[in-house]
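The structure under discussion appears below in the form of structure tokens.
The analysis underlying the following values was restricted to heavy atoms, covering all of them including side chains, and did not include hydrogens, waters or symmetry mates.
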Amino acid sequence: MDHGRANAAQLDIKPLEYPRGGVPPPGFVETLLMFLPILGWIVAAEIARERLRPTRKHLAEQLIARPDDVDMAWMGTDRRVHVGRLIRRLIHAALDWPNDRFIPEDAIDTVFFDDDGEFHDVVQDAMEELGLPADSLPDSEIERLSKLTLGALVDRLLEAMSQPEVQR
């Protein structure tokens, strides 16, 4: 069934945006500590967490301000809505955002701004839940998708689901 498509702009929902000035880069000490195995990595991770806290808070506030139901932004086919909900749920669980009110226009690199491999894991988990073979999206394609939007990811997963070898 086709529900038509309402984009987030029509619903007056803006894509997630970084705070003015963007994401602060790592400082000298944080960068230096990354070269010291184990203890240095632990301390650098804590410094990074503190450095990124204001950005995470800014993005979280935008998610909280969104309407409770953002399904209309994902409209299209029933399958698209289903895969959009799946991706939203997986992101919420993996990144501990305050809710799953993500929209197709949200940039993946913004949602996963402090990514430590979670994007790849979310895509792999989604493929598994959708019954797609693990090699449906090679690592190089997952890397390419990480520069796009959540809508592009969902559309690519739908494309992979339509391949003859995974037809249901």
Side-chain angles (χ1 to χ4, degrees), residues 5 7-9 13-19 22-27 30-38 40-42 44-45 47-49 51-52 55-56 58-60 62-63 70-71 73-97 99-168:
R5 265 184 128 148
N7 67 29
I13 305 172
K14 294 182 174 110
L16 293 174
E17 294 180 347
Y18 287 126
V23 179
E30 181 182 342
T31 303
L32 184 65
L33 288 169
M34 289 304 299
F35 292 100
L36 299 173
I38 315 224
W41 298 337
I42 293 168
I47 292 171
R49 194 171 4 270
R51 173 178 53 85
L52 299 173
T55 302
R56 184 164 186 59
H58 181 81
L59 295 172
Q62 292 172 65
L63 284 171
V70 295
D71 278 351
W74 289 92
M75 286 300 158
T77 63
D78 286 341
R79 258 185 153 171
R80 187 168 199 268
V81 172
H82 169 75
V83 175
R85 282 182 186 147
L86 170 66
I87 290 297
R88 290 168 36 207
R89 177 177 54 80
L90 292 171
I91 291 169
H92 179 227
L95 299 177
D96 197 32
W97 285 112
N99 60 47
D100 70 347
R101 298 174 193 163
F102 301 101
I103 59 172
E105 293 81 3
D106 284 334
I108 291 169
D109 63 356
T110 302
V111 173
F112 290 86
F113 81 98
D114 58 350
D115 184 14
D116 288 323
E118 288 97 344
F119 177 65
H120 189 275
D121 294 344
V122 164
V123 173
Q124 292 294 325
D125 291 348
M127 289 191 306
E128 184 177 325
E129 287 198 36
L130 294 169
L132 292 168
D135 62 351
S136 296
L137 298 178
D139 288 345
S140 60
E141 185 162 5
I142 294 173
E143 177 62 28
R144 182 187 68 77
L145 286 166
S146 73
K147 313 248 184 298
L148 302 176
T149 64
L150 294 177
L153 169 62
V154 167
D155 292 340
R156 181 59 188 95
L157 289 168
L158 288 167
E159 183 183 315
M161 290 170 64
S162 70
Q163 298 303 314
E165 59 272 11
V166 291
Q167 286 289 324
R168 296 178 206 328

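- By the salt bridge (Lys or Arg N to Asp or Glu O under 4.0 Å) test, Asp100 pairs with Arg88, sequence neighbours left out.
- Within the 4.5 Å cutoff, no side-chain heavy atoms of Phe119 are placed close to those of Ile91.
- For Ala126, the side-chain contact (heavy atoms from CB on, under 4.5 Å) partners two or more places apart in sequence, or in a different chain, are Leu86, Ile87, Leu90, Leu157.
- With salt bridges taken as basic N to acidic carboxylate O contacts below 4.0 Å, none links Asp109 and Lys147.
- In this structure, the side chains of Leu145 and Val123 stay at 4.5 Å or more apart for every pair of heavy atoms.
- The shortest heavy-atom contact between Leu52 and Pro24 is CD2-O, 4.4 Å.
- Taking the charged nitrogens against the carboxylate oxygens, Lys14 and Glu105 have no contact shorter than 4.0 Å, which rules out a salt bridge.
- Under a cut-off of 6.0 angstrom, the local environment of CD in Glu141 is crowded, with over 12 non-hydrogen atoms contributed by other residues, nucleotides or ligands.
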ask   = Going through the distances and angles, do Ile108 and Thr149 end up as a side-chain contact (heavy atoms from CB on, under 4.5 Å)?
value = CA-CA 5 Å; Ile108 291 169; Thr149 64; 5.6 Å; no
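- In this structure, Arg49 does not pair ionically with Glu30, as no charged nitrogen and carboxylate oxygen lie closer than 4.0 Å.
- The minimum heavy-atom distance linking Ala94 with Glu118 is given by the pair O-CG, 4.3 Å.
- Of the possible donor and acceptor atoms, one in the side chain of Thr31 sits under 3.5 Å from a partner among the backbone N and O of Gly27.
- Between atom CZ of residue Arg144 and atom CG of residue Leu137 there is a gap of 9.0 Å, rounded to the nearest 0.5 Å.
- With rounding to the nearest 0.5 Å, the separation of CD in Gln163 from CG in Leu158 is 11.5 Å.
- Rounding to the nearest 0.5 Å places CG of Leu148 at 7.5 Å from OG of Ser146.
- Nearest heavy atom pair, residue Pro104 against residue Ala73, reads CG-O, 3.2 Å.
- For the salt bridge (Lys or Arg N to Asp or Glu O under 4.0 Å) test, residues two or more places apart in sequence or in another chain that qualify with Arg101 are Asp68.
- Asn99 and His92 are not linked by any side-chain donor-acceptor pair at a separation below 3.5 angstrom, with hydrogens and angles left out of the test.
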inquiry  = Evaluate Arg56 against Asp96 for side-chain contact (heavy atoms from CB on, under 4.5 Å), listing each step before the verdict.
reply    = CA-CA 11 Å; Arg56 184 164 186 59; Asp96 197 32; 4.1 Å; yes
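- If you take CZ on Phe112 and CG on Leu150, they are separated by 7.0 Å, rounding to the nearest 0.5 Å.
- Put simply, CD1 on Ile42 and CG on Leu36 are 11.5 Å apart, with the number rounded to the nearest 0.5 Å.
- For Trp41 (side chain) and Met34 (main-chain N/O), a donor-acceptor pair under 3.5 Å exists by modelled atom type.
- Taking the side chain as every heavy atom from C-beta outward, Pro19 and Thr55 approach each other to under 4.5 Å.
- Between Phe113 and Tyr18, the angle of the ring planes goes over 60°, which puts this pair in the perpendicular group of the 30/60° scheme.
- By the 4.5 Å heavy-atom criterion applied to side chains, Leu16 and Leu63 are counted as neighbours.
- Distance OG/Ser136 to CZ/Arg156: 8.0 Å, rounded to 0.5 Å.
- Considering every non-hydrogen atom in both Arg80 and Trp74, the closest pair reads NH1-O, 3.4 Å.
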inquiry  = What verdict does the side-chain contact (heavy atoms from CB on, under 4.5 Å) test give for Met161 and Met127, after you've listed the backbone C-alpha separation in whole Å, the side-chain angles of each residue and the deciding distance to 0.1 Å?
reply    = CA-CA 9 Å; Met161 290 170 64; Met127 289 191 306; over 6 Å; no
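- Judged purely by atom type and a 3.5 angstrom limit, Gln62 uses its side chain to pair as donor or acceptor with the backbone of Glu17.
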